[in-house]
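Labels below follow one simple rule: chain letters A, B, ... track the order of the sequence lines, proteins then strands, and each chain is numbered from 1.
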Amino acid sequence: MLKATKVLLPILIALVVLGAIGAWDRLSTGKLSLNFGSYIPWGIWVGLYIYLVGLSGGAFLIVFLHHALGIRALRRASVYALLVALTTLGAGLVLVLADLGHMDRFWRLYTFANPRSILAWMVWIYTVYALVLLAMLYAIAKEKQGWLKPLSVVGFLLVITFGGGEGALFGVLGSKAAWSSGVQPIRFLFSAFLSGAGIVAFTTVAFRRWQADQEHHGQVEFLRYLVLGFLALNLLVEFAEFTVTSYSSTPAIVEAYDLMLFGSYWWLFWLVQIGIGLVLPIVLLVPPCDGKPANLGIAGLFIALGLAGTKQNFVYLGLAVPDFRALPDAFVHPRLSTVYFPSLTEWLFAIGVVAAAALVFLIAIEKLPFVEGRRAPPVRPASARLEPLREGGGA
Amino acid sequence: MKRARVPKRSDERRDFLKLVLTGAAVATGLSARNADGAPAPAEKQLPEIPAGDNPLLRMQRELQRALKKPVEQRRWAMVIDLSKCIGCSACTIACVAENKLPPGVVYRPVLDEEFGEYPNVARRFTPRPCMQCDNPPCVPVCPVKATYKRPDGIVEIDYNKCIGCRYCLPACPYGARTADFGEFFTLGTPKVEAYETQPNFEYGREWNRAGNKSPVGNARKCHFCIHRLEAGMLPACVTTCIGYATYFGDTNDSESLVSELIAKPNVMRLKEELGTKPKVYYRM
Ligand code: SF4
Ligand code: SF4
């Protein structure tokens, strides 16, 4: 067992137990102990759901790059990426299920789906995507190499669809000025790729089960450039969105930005999004700090944390500006407020679900026989190892 | 063209007694419970409305006239006269009582806004029911077709189909939808009082709130008191308004009071630029 696993295992189990307390509270008291309401109808669970599902799609990009495009440098990372994709998708869907007012009716999403609703489409796409992920896991376990390329292509098309679709979920709501924008699908897709690349970089460095050989260094280099590339793309899209929308001076958007920069969640923007999610990773990924693989791992984790904060802020800010200025005071009740902070139950369950996903991932890399290090690595000619970037693919 | 008649005080006094008697007749002669969701009551079931110029009596007669038509030929609309609204919130409370709304659920809040700087100040009260939009953004987003537009124009929520995803809440540009979190006013006291567990009859069906039973867990909103309409009664907010500030009727009836009112230039609709085509008009 890896040293990191040994340290994390008891912590994660404790967090899962706390999550179980949150789950019990949710099931026994319904929605009474949740702090969101009608003007902020979505809270930390929905923010985490869109983040985790996006992260799953982003991680799948690594799988696609290796199996479909033959990027050999990502051979080891692609297995971790597949496991990340599965566990984060599961965690995201559990969170959004718990968020439903009638969990017992979720099956209606399949039997009575509204073809005009993006949300209904997303559920169907998640389902097919989950099946693709499971099929790929099976193919890797059973060494059915021929399945992997077509499955990764199908999976990636699904990722593009639901990655962009998530942005569309918000972008199509003309009622919410801070969300309503054609750029949302692109924004969501790029941030999904960045978070996925970041978390895969982190896991392959922090939970490395192989020698720090040349292949590993090739992988680290590739992931570093990938992360930096997506970081630059994200910055570009965010800059365009921020400057264009703030220039338009739409009152609701200006107010949302004001809240973001100076409101009660100022720390989420300045410390988590900018500090942890942007500045520190850049420092760690460019010279003179770029030499150490550990720095890539830390940068990847920071990026993933920063983007988790970004998604929370995105959901909250879109809702925090009321439809009418006088609406929150027209009928006063805590559920009719535009101020939101998650309840203990929400925190516990959210932390527990994320910890459970991490636990499943760690157990998988420790126990699954096809994870590198648990089985003797394939012997390859030295020339193959010297040319890590493009060569034919394969697991 | 016939002009909308704005009621005078003398008319109001004269008609008051008639109105009380009519209300009693309607309330006793008809059950608002339309438990099987049956169509409008037959003509003979509807009470006779006394003659008189009181706008409530007139609207009551027009309502009966509309009920004689097939449902798809009715187009319900509401007109709210902002110059008459005094911000008493009687309509808000009537709605809470009629629909047994729990804490945190409101269908018709009254927005209270102040303008100007002392001494040049003004206050405006804007009741905000569901607009029953003709192009409702809340409908296409629903993933399970639990909310839809009825043939008479009212946007309905089927509580038994709604999964409580709350996607329709932010989709509504008017903040007209609220979620039922299962709260009771007397929750946390030794006993939840019986008045809180009385059934309501929204959409003509009996709903008993308890545990996670619908409408707990669902999106909820104003429905123009469809259960009352189909029993020949005006919406609760209309009959309760102390200033005759809320009018209701069928816009497919050119003789109706609401048709006359919305044909005037001094009416507007909220956020018209969004293209939602609200069926609630505001008279300035
Ligand atoms: S006001 Fe809102 S809830 Fe009512 S029909 Fe229009 S969009 Fe739907
Ligand atoms: S809360 Fe209910 S009515 Fe609203 S979108 Fe979800 S399922 Fe449809």
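Contacts from residues 172-184 of chain B to chain A, taken as heavy-atom pairs separated by less than 4.5 Å, involve B:Cys172, B:Pro173, B:Tyr174, B:Gly175, B:Arg177, B:Thr178, B:Ala179, B:Phe181, B:Gly182, B:Glu183 in sequence order. Scanning residues 27-40 of chain A against chain B with a 4.5 Å heavy-atom cutoff picks out A:Lys31, A:Leu32, A:Phe36, A:Gly37, A:Ser38, A:Tyr39, ordered by number.
The greatest number of non-hydrogen atom pairs below 4.5 Å with chain A, out of B:Gly87, B:Gly217, B:Pro143, B:Gly164, is found for B:Pro143. When the candidates B:Gly211, B:Ser89, B:Pro103 are compared by the number of heavy-atom contacts under 4.5 Å with chain A, B:Pro103 comes out ahead. Between chain A and the options B:Asn160, B:Val139, B:Asp112, heavy-atom pairs under 4.5 Å are most frequent for B:Asn160. Contact count versus chain B (heavy atoms, under 4.5 Å) is highest, among A:Ala120, A:Ala330, A:Ala326, A:Pro41, for A:Pro41. Between chain B and the options A:Leu169, A:Val332, A:Val123, A:Thr111, heavy-atom pairs under 4.5 Å are most frequent for A:Leu169. No other option in B:Val105, B:Val106, B:Leu187 has as many heavy-atom pairs under 4.5 Å with chain A as B:Val106. Across B:Lys161, B:Arg128, B:Glu113, the residue that shares the most heavy-atom pairs under 4.5 angstrom with chain A is B:Lys161. Ranked by heavy-atom pairs shorter than 4.5 Å toward chain A, the options B:Cys142, B:Pro137, B:Pro109 are led by B:Cys142.
Looking at B:Leu111, the atoms closer than 4.5 Å to chain A (heavy atoms on both sides) sit in the backbone and in the side chain alike. Looking at A:Trp179, only its side chain comes within 4.5 Å of chain B, counting heavy atoms on both sides. Using a 4.5 Å cut-off between heavy atoms, A:Leu109 contacts chain B through both its backbone and its side chain. B:Tyr148 does not touch chain A: none of its heavy atoms, backbone or side chain, sits under 4.5 Å away. Only the side chain of A:Val172 comes within less than 4.5 Å of a heavy atom of chain B; its backbone N, CA, C and O stay farther away. Looking at A:Asp329, neither its backbone nor its side chain comes within 4.5 Å of chain B, counting heavy atoms on both sides. Proximity to chain A is absent for every atom of B:Thr276, based on heavy atoms less than 4.5 angstrom apart. Heavy atoms of B:Val110 lying under 4.5 Å from chain A belong exclusively to its backbone. Looking at A:Arg116, the atoms closer than 4.5 Å to chain B (heavy atoms on both sides) sit in the backbone and in the side chain alike.
A distance-only check finds no donor-acceptor pair linking the side chain of A:Arg105 to the backbone of B:Ile163 [under 3.5 Å]. Judged by distance alone, the side chain of A:Trp42 and the main-chain N or O of B:Pro170 form no donor-acceptor pair under 3.5 Å. Without hydrogens or angle criteria, A:His102 side chain to B:Val216 main chain gives a donor-acceptor distance under 3.5 Å. Judged purely by atom type and a 3.5 angstrom limit, A:Arg108 has no side-chain atom pairing as donor or acceptor with the backbone of B:Ala146.
A 6.0 Å sphere centred on CH2 of A:Trp124 holds no more than 12 heavy atoms belonging to other residues, nucleotides or ligands. Heavy-atom neighbours of A:Tyr247 OH from other residues, nucleotides or ligands within 6.0 Å: at or below the threshold of 12. Counting heavy-atom neighbours within 6.0 Å of B:Glu272 CD, excluding the residue itself, gives a total above 12. Atom CH2 of A:Trp121 is surrounded by 12 or fewer heavy atoms from other residues, nucleotides or ligands within 6.0 Å.
Just one residue in the list A:Ile118, A:Leu119, A:Leu173 forms a side chain to side chain contact (heavy atoms under 4.5 Å, CB included) with B:Val141, and that residue is A:Leu173.
By the side chain to side chain contact (heavy atoms under 4.5 Å, CB included) test, B:Lys145 is found to be paired with A:Asn114, A:Pro115, residues two or more places apart in sequence or in another chain being considered. Under the rule for a salt bridge (charged side-chain N to carboxylate O under 4.0 Å, His left out), the partners of B:Arg150 that lie at least two apart in sequence or sit in another chain are B:Asp152, B:Glu156, B:Glu230.
Rounded to the nearest 0.5 Å, atoms CG (A:Asp104) and CG (B:Asn212) are 6.5 Å apart. Summarising the geometry, atom SG belonging to B:Cys165 is positioned 12.5 Å from atom CG belonging to A:Leu97; distances are rounded to the nearest 0.5 Å. Here the straight-line distance linking atom OH of B:Tyr107 with atom CZ of A:Phe331 works out to 11.5 Å at 0.5 Å rounding.
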